[in-house]
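Treat the numbers as computed from the prediction; the structure is a model and nothing was measured.
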Amino acid sequence: MRTTINIDQDVLIAVKELAQLEGSTVGVVLSRLARAVLAGSTAIVSSNSPNVSELASVYGFRPFSKNGSVVTNESINQLKNREDV
C-alpha cells in the first residue's frame, strides 16, 4: 500500500542505512520494524537471515544521550577521508 507520512530525519537516515545493508527497501524495513514493535517483540530479526536475531538490548554499556545527528557509514567515511586514515 502506498501512503505519505512524515518521518523524522534521523529515523529516515537510519532506516535507509538498514535497507541498504539488507539489500531491501525502506518500506520493507519500516514495516518489519513496526510489526516487531507493535507485537511487543524483544528481538529484531533481519530479513536477510531469518534464523538469526539480535536482542533489542544494550550489550555491556549505557548508550550516550542523543546530542546530534545519526552516525552513518557515509559520515564515517567522510571523517576518514578528512583525517587521511
From Ile5 CD1 over to Leu12 CG, what is the distance, rounded to the nearest 0.5 angstrom?
9.0 Å
First locate atom CG of Leu79, then atom CG of Asn81, and finally report the distance between them rounded to the nearest 0.5 Å.
9.0 Å
Would you confirm whether Ser31, through its side chain, and Gly27, through its main-chain N or O, come within 3.5 Å as a donor-acceptor pair?
yes
Taking 4.0 angstrom as the limit, do Glu74 and Lys16 come out as a salt bridge?
no
Which atom of Val29 lies closest to which atom of Ala19, heavy atoms considered
CG2-CA, 3.7 Å
Is Glu22 close to Arg32 at the side-chain level, that is, under 4.5 Å between some pair of heavy atoms?
yes
For a quick test of reading the model, state the closest non-hydrogen atom pair linking Leu21 to Asn73 and the distance between them.
CD2-ND2, 4.3 Å
Got a second to check how far Leu33's CG is from Leu18's CG, nearest 0.5 Å?
6.5 Å
In terms of hydrophobic clusters joined by side-chain contacts under 4.5 Å, are Met1 and Ile7 together?
no
